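In this text, all values refer to a predicted model and were calculated from it rather than measured experimentally. Naming convention: chains lettered A, B, ... in sequence-line order (proteins, then strands); numbering from 1 in each chain.
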Amino acid sequence: MESKKTETTNFIRNIIDEGLKTNKHEGRVHTRFPPEPNGYLHIGHAKSICLNFGIARDYNGLCNLRFDDTNPIKEDPEFVQSIQNDIKWLGFDWEDRLYHASDYFDQMYEYAIQLVKEGKAYVCSLSEKEIREYRGTVKEPGKESLYRNRSIEENLDLLERMKNGEFEDGTHTLRAKIDMAASNMLMRDPLIYRIRRKRHHRTGGKWNIYPMYDFAHCLEDSIERITHSLCSIEFENNRPLYDWFLNALDVYHPQQIEFARLNLNYTVMSKRKLLELVNESFVSGWDDPRLPTICGLKRRGYTPEAIRTFSDRIGLAKRQSLVDMALLEHTIREDLNKSAPRVMAVLRPLKVIIDNYPEDLVEEMDAVNNPEDASAGTRKVPFSKIIYIEKNDFMEDAPKKFYRLTPGREVRLRYAYFIKCEYAVKDDNGDFTELHCTYDPETKGGSAPDGRKVKATLHWVSAKHSIKAEVRLYSHLLSVPDPGLENKDFKECLNPNSMQVLKDCKLEPGLANSKPGERFQFERQGYFCVDSKDSKHESLVFNRTVTLRDEWARLQKKKNI
RNA sequence: UGGGCCGUCGUCAAGUGGUAAGACACAUGGUUUUGGUCCAUGUAUUCGGGGGUUCGAAUCCUCCCGGCCCAACCA
């Protein structure tokens with residue numbers, strides 16, 4: 001009997017398997033996750049992190065964390081820290097292999113000198129504008145720089161002086177001597193070093209020149225003896241250059257493989273757009289629960305497990321795609337369904353008076369903490385004459401399919417009694433202010449000895465025992481699935497109702513001791529977690545992670561359409 | 001006639017010449033003290049399109065169509 005597990009398979013793993021068969025990298029598998037510390041990580045990075053660390057794990061290999069810190073004007077130690085936090089939170093460990101591109105600056109400089117000595121690189125003194133002009137266009141070849149044929153001695157001298165800070169920013173660059181007529185624009189004498197007389201967060205004032213991505217990245221991979229250098233598809237054009245540098249220098253040569261980056265509908269993923277939302281205060285910060293950042297998802301209540309599962313389920317390929325947010329929501333529901341304690345919370349309270357219930361009686365009802373996990377046990381929930389139920393669990397003129405409370409109908413209060421609605425009280429605006437019901441003492445616990453059934457079970461909270469809390473309901477950041485399809489700026493597509501704040505929610509008393517980050521299922525509503533920033537013991541704030549699937553809501557929606 | 005990459009269900013995605021996996025979404029039934037969970041069933045005669053090779057094609061050839069990337073001293 002074979003138990004066939006659905007194993008993760010994708011084109012990159014196939015390539016690795018092939019290489020292993022031919023002993024391509026001495027049987028090693030060594031990957032790396034190489035973020036630039038210039039922003040916060042988002043779910044797209046999580047895909048790459050899970051890929052790289054996941055492959056290392058599955059092939060008994062290693063995965064390095066490496067900061068690609070070659071551009072001091074964009075980078076900041078704040079990001080270095082946040083990135084490490086997020087990766088750890090996701091559940092991955094680089095052990096002692098935390099590296100920085102800046103660790104290799106000396107070595108890179110030596111390699112640059114080697115290129116110059118071999119006539120493969122030269123110092124160019126064209127201005128930024130001239131370099132652009134000389135590069136040509138996508139359809140026309142470029143022309144060679146006037147400085148392309150300087151002597152090796154002059155190049156060496158100039159490079160040394162660039163390094164020493166003798167020249168202003170932008171006055172000279174070091175360039176690879178390749179081919180100004182190449183059809184691949186990146187091969188038209190790409191820049192290797194540019195002058196940037198700026199302090200670096202790790203090397204301080206030591207350097208006045210910093211290496212460009214194409215030169216630096218392949219060497220970082222080579223120095224760390226990476227076997228498979230996985231990057232996103234937009235670097236496909238860079239691969240010939242990656243290979244060119246490593247061949248020119250005749251050093252260890254990792255294999256670059258490109259894959260498609262993640263796009264998710266109803267949200268934005270680019271660093272630029274996220275930065276815009278943060279800077280222009282459309283959201284409260286990088287960890288706003290509406291954002292697809294790792295820290296935003298964490299604050300929203302997502303678990304690392306769910307994000308890892310999501311990364312596995314979306315698969316991996318080279319074609320550009322737009323993954324349905326519903327899949328992400330599915331993975332968090334799946335995880336939380338197994339683990340989250342159930343609890344009763346009334347978000348939009350409607351007072352219910354049980355006329356035939358004794359005035360001062362309080363009963364402690366037994367409630368199951370998690371029907372999916374018997375070991376979670378039970379708890380006591382106080383019940384009394386005045387309770388709150390959800391406003392939308394009552395309708396005066398109910399349609400056929402509505403089987404919650406309506407005048408004359410009997411429903412079950414979860415873990416308590418059957419109650420029957422006798423009449424509703426309205427205020428001058430026509431809004432219901434309270435319901436008068438009667439209960440059947442024989443139905444304690446929620447079942448009738450005579451075997452009669454009810455169609456609905458409602459959650460509730462005892463008025464005098466309840467605690468008050470603020471609850472923030474989140475929905476999609478954008479009101480359209482793909483802002484790229486709309487003919488407008490993505491900010492015009494922001495969902496104006498992406499956050500709804502309810503200030504007067506009533507929770508069962510046990511929740512008073514809940515801790516920041518703690519997750520619950522509010523029965524019949526969704527999964528919620530205690531906000532890690534704004535929640536205080538005396539004024540609790542909950543974030544809705546995701547709603548429960550809701551058949552009734554679906555029916556209503558269908559009718560309205 | 002710049003170059004490179006990519007088109008398989010509504011959305012992802014396996015498949016590498018032997019007759020279309022799986023997941024999400026959707027639909028229908030069953031169980032249920034959450035209109036939740038769970039269970040069962042249904043959903044691509046067809047792989048962007050046309051030709052061709054072959055006993056046999058999503059897989060090979062060819063032409064066409066569509067999408068993405070490249071002209072930062074960003075990564």
Side-chain angles (χ1 to χ4, degrees), chain A residues 6 9-11 14 34-36 38 68 70-71 73-75 124 126-128 131-133 135-142 169-175 182-188 191-196 209-210 212-214 216-217 231-240 258 260 262 265 271 310 312-331 333-334 337-338 342 344 367-368 371-372 401-404 412-416 418 443 445-447 453-459 481 521-526 547-555:
Chain A
T6 23
T9 177
N10 58 54
F11 77 102
N14 292 345
E36 183 188 16
N38 68 346
D68 210 357
T70 57
N71 187 359
I73 65 173
K74 279 186 155 187
E75 295 152 13
C124 180
L126 253 27
S127 70
E128 189 171 345
I131 287 182
R132 204 175 359 243
E133 286 164 3
R135 190 144 40 214
T137 70
V138 129
K139 296 199 173 181
E140 306 148 24
D169 285 15
T171 50
H172 307 279
T173 56
L174 183 71
R175 296 231 252 165
S183 49
N184 181 345
M185 297 292 290
L186 288 162
M187 300 299 272
R188 320 244 262 227
L191 272 58
I192 295 175
Y193 273 103
R194 78 287 218 187
I195 300 173
R196 279 236 201 299
I209 55 173
Y210 292 94
M212 300 286 292
Y213 169 84
D214 287 301
H217 204 92
C231 61
S232 47
I233 208 85
E234 65 268 28
F235 288 99
E236 210 147 28
N237 295 322
N238 301 59
R239 178 154 33 93
E258 310 84 15
L262 170 67
N265 62 14
K271 270 187 191 175
F310 173 74
D312 287 342
R313 301 252 175 101
I314 54 177
L316 189 74
K318 295 190 75 162
R319 66 183 92 142
Q320 40 129 197
S321 60
L322 185 63
V323 173
D324 195 338
M325 182 66 87
L327 181 57
L328 217 211
E329 295 178 342
H330 173 260
T331 60
R333 283 192 192 107
E334 185 179 48
N337 177 50
K338 290 178 298 185
R342 280 34 6 169
M344 291 195 284
V368 173
E372 304 294 316
K401 293 270 189 173
F402 182 89
Y403 38 83
R404 276 110 97 144
R412 170 168 41 234
L413 292 177
R414 180 142 230 224
Y415 302 127
F418 285 9
T443 58
S447 53
K453 304 286 185 206
V454 288
K455 274 281 228 178
T457 300
L458 310 187
H459 62 278
Q521 184 196 101
F522 288 180
E523 290 216 32
R524 303 208 302 135
Q525 310 201 82
T547 62
L548 251 29
R549 290 180 72 212
D550 187 345
E551 186 68 23
W552 172 240
R554 206 176 308 174
L555 281 175

P atoms of B:A27 and B:U37, separation to the nearest Å: 13 Å
So does A:His459 get a side-chain nitrogen or oxygen closer than 4.0 Å to the phosphate oxygens (OP1/OP2) of B:U34? no
Base, sugar-phosphate or nothing for A:Leu126? Non-hydrogen atoms, less than 4.0 Å. base
Once you round it to whole Å, what is the distance between P of B:U32 and CD of A:Glu372? 15 Å
Would a distance-only check, ignoring hydrogens and angles, find a side-chain to backbone donor-acceptor pair under 3.5 Å from A:Asn184 to A:Asn237? yes
C1' atom, B:U31 versus B:C38: distance in rounded Å? 8 Å
Rounded to whole angstroms, how far apart are CZ on A:Arg404 and C1' on B:U34? 11 Å
Using only atom types and a distance under 3.5 Å, with no angle test, would you say the side chain of A:Thr137 pairs donor to acceptor with the backbone of A:Lys139? yes
Using the ring pair (Phe, Tyr, Trp, His ring centres under 6.0 Å) criterion, which residues pair with A:Tyr210? Sequence neighbours excluded. A:Phe105, A:His200
Excluding sequence neighbours, so at least two apart, what forms side chain to side chain contact (heavy atoms under 4.5 Å, CB included) with A:Asn238? A:Leu186, A:Tyr213, A:Asp214, A:Phe235
For A:Met185, the side chain to side chain contact (heavy atoms under 4.5 Å, CB included) test, sequence neighbours excluded, returns A:Arg135, A:Val138, A:Arg188
Sugar-phosphate, base or nothing in reach of A:Arg414, heavy atoms under 4.0 Å: base
Which is true for A:Asn237 with a 4.0 Å heavy-atom rule: it touches a base, it touches only sugar-phosphate, or it touches nothing? base
Without decimals, in angstroms, what is the distance between A:Glu36 CD and B:A72 P? 18 Å
Just to be sure I understand the rule, does A:Arg132 reach a base, reach only the sugar-phosphate, or reach nothing, if contact means heavy atoms closer than 4.0 Å? sugar-phosphate
Say you pick atom P in B:G48 and the same atom in B:A13; how far apart are they, in whole Å? 14 Å
Could you list the residues that satisfy side chain to side chain contact (heavy atoms under 4.5 Å, CB included) with A:His172, not counting sequence neighbours? A:Val123, A:Ser125, A:Arg150, A:Met162, A:Phe167, A:Ile195
Please classify the nucleic acid contact of A:Pro34 as base, sugar-phosphate, or nothing, using heavy-atom distances under 4.0 Å. nothing
Round to a whole Å and report the spacing from NZ of A:Lys453 to C1' of B:U31. 12 Å
Hey, which of these two, A:Gly136 or A:Leu316, hits RNA chain B nearer its 5' end, going by closest nucleotide? A:Leu316
Could you measure between the two C1' atoms, the one in B:C64 and the one in B:U1, and give it in whole Å? 14 Å
Below 4.0 Å: OP1/OP2 of B:C24 and any side-chain N or O of A:Thr331: no
For RNA chain B, produce a single dot-bracket line, 5' to 3'. Pairs: Watson-Crick or G-U wobble, both distances under 3.5 Å. Symbols: ( ) within strand, [ ] crossing, | other strand, . unpaired. .(((((((.[[[..)..(...]]].(((((.......))))).....[[[[[..)....]]]]])))))).....
So which protein nitrogen or oxygen atoms get under 3.5 Å of nucleotides 27-29 of chain B's nitrogens or oxygens?
| from | atom 1 | to | atom 2 | distance (Å) |
| --- | --- | --- | --- | --- |
| B:A27 | OP2 | A:Arg554 | NH1 | 3.4 |

Going by modelled atom types, is there a donor-acceptor pair between the base of B:U34 and the side chain of A:Gln521 at under 3.5 Å? yes
Pairwise C1' distance, B:A44 and B:A25 [rounded to whole Å]: 15 Å
When we call it a touch if two heavy atoms are under 4.0 Å apart, what does A:Tyr210 touch: a base, just sugar-phosphate, or nothing? nothing
What contact category does A:Thr547 fall into here, base, sugar-phosphate, or nothing, at under 4.0 angstrom with non-hydrogen atoms? nothing
By nearest nucleotide on RNA chain B, pick out whichever of A:Thr171 and A:Lys318 is the more 5' one. A:Lys318
side-chain hydrogen bond (donor to acceptor under 3.5 Å, both in side chains) test vs A:His459 passes for just one of A:Arg414, A:Arg342, A:Arg524, namely A:Arg524
Please work out if A:Tyr193 contacts a base, only the sugar-phosphate, or nothing of the nucleic acid, heavy-atom cut-off 4.0 Å. nothing
Regarding A:Asn38, tell me which of base, sugar-phosphate or nothing describes its non-hydrogen contacts under 4.0 Å with the strands shown. nothing
With centres under 5.5 Å and planes under 30° as the test, does A:Tyr213 stack with B:A75? no
Would you say A:Arg524 reaches B:G35's phosphate, i.e. side-chain N/O to OP1/OP2 under 4.0 Å? yes
Salt bridge or not for A:Glu258 and A:Arg239, using N-O below 4.0 Å? yes
For atom C1', what is the distance between B:U46 and B:G4, given to the nearest Å? 30 Å
With sequence neighbours excluded, what pairs up with A:Ser183 under the side chain to side chain contact (heavy atoms under 4.5 Å, CB included) test? none
Assign A:Asp214 to base, sugar-phosphate, or nothing according to its heavy-atom contacts below 4.0 angstrom with the strands shown. nothing
C1' atoms of B:U43 and B:C9, separation to the nearest Å: 9 Å
Name the pairs: protein N/O against N/O of nucleotides 10-12 of chain B, kept only if under 3.5 Å.
| from | atom 1 | to | atom 2 | distance (Å) |
| --- | --- | --- | --- | --- |
| B:U11 | O3' | A:Leu322 | O | 3.1 |
| B:U11 | O2' | A:Leu322 | O | 2.9 |
| B:U11 | O2' | A:Asp324 | N | 3.4 |
| B:C12 | OP1 | A:Leu322 | N | 2.7 |
| B:C12 | OP1 | A:Leu322 | O | 3.4 |
| B:C12 | O5' | A:Leu322 | O | 3.4 |
| B:C12 | O2' | A:Ile314 | O | 2.6 |

Partner residues of A:Glu334 under the salt bridge (Lys or Arg N to Asp or Glu O under 4.0 Å) criterion, sequence neighbours left out: A:Arg313
Could you pull out all residues at least two apart from A:Thr443 that satisfy side-chain hydrogen bond (donor to acceptor under 3.5 Å, both in side chains)? none
Base, sugar-phosphate or nothing for A:Arg135? Non-hydrogen atoms, less than 4.0 Å. sugar-phosphate
Scan A:Glu128 against the nucleic acid and name what it touches under 4.0 Å (heavy atoms): base, sugar-phosphate only, or nothing. base
Assess whether one donor atom and one acceptor atom, taken from the side chain of A:Asp550 and the base of B:G36, lie less than 3.5 Å apart. no
Test ring pair (Phe, Tyr, Trp, His ring centres under 6.0 Å) applied to A:Tyr193 - qualifying residues, sequence neighbours left out: A:Phe215
Have a look at A:Phe522 and say if it touches a base, only the backbone sugar-phosphate, or nothing, with a 4.0 Å heavy-atom cut-off. nothing
Below the 4.0 Å mark, does B:U37 have OP1 or OP2 next to a side-chain nitrogen or oxygen of A:Arg549? yes
For A:Glu75, the side-chain hydrogen bond (donor to acceptor under 3.5 Å, both in side chains) test, sequence neighbours excluded, returns none
Atom CG of A:Leu413 and atom CG of A:Leu458: how far apart are they, to the nearest 0.5 Å? 6.0 Å
C1' atoms of B:U8 and B:A20, separation to the nearest Å: 8 Å
Please check if the distance between the ring centroids of A:Tyr403 and A:Trp552 is under 6.0 Å. no
Could you tell me whether A:Lys401 contacts a base, only the sugar-phosphate backbone, or nothing, with contacts defined as non-hydrogen atoms closer than 4.0 Å? base
Does the base of B:C70 carry an N or O that pairs as donor and acceptor with the side chain of A:Asn184 under 3.5 Å? no
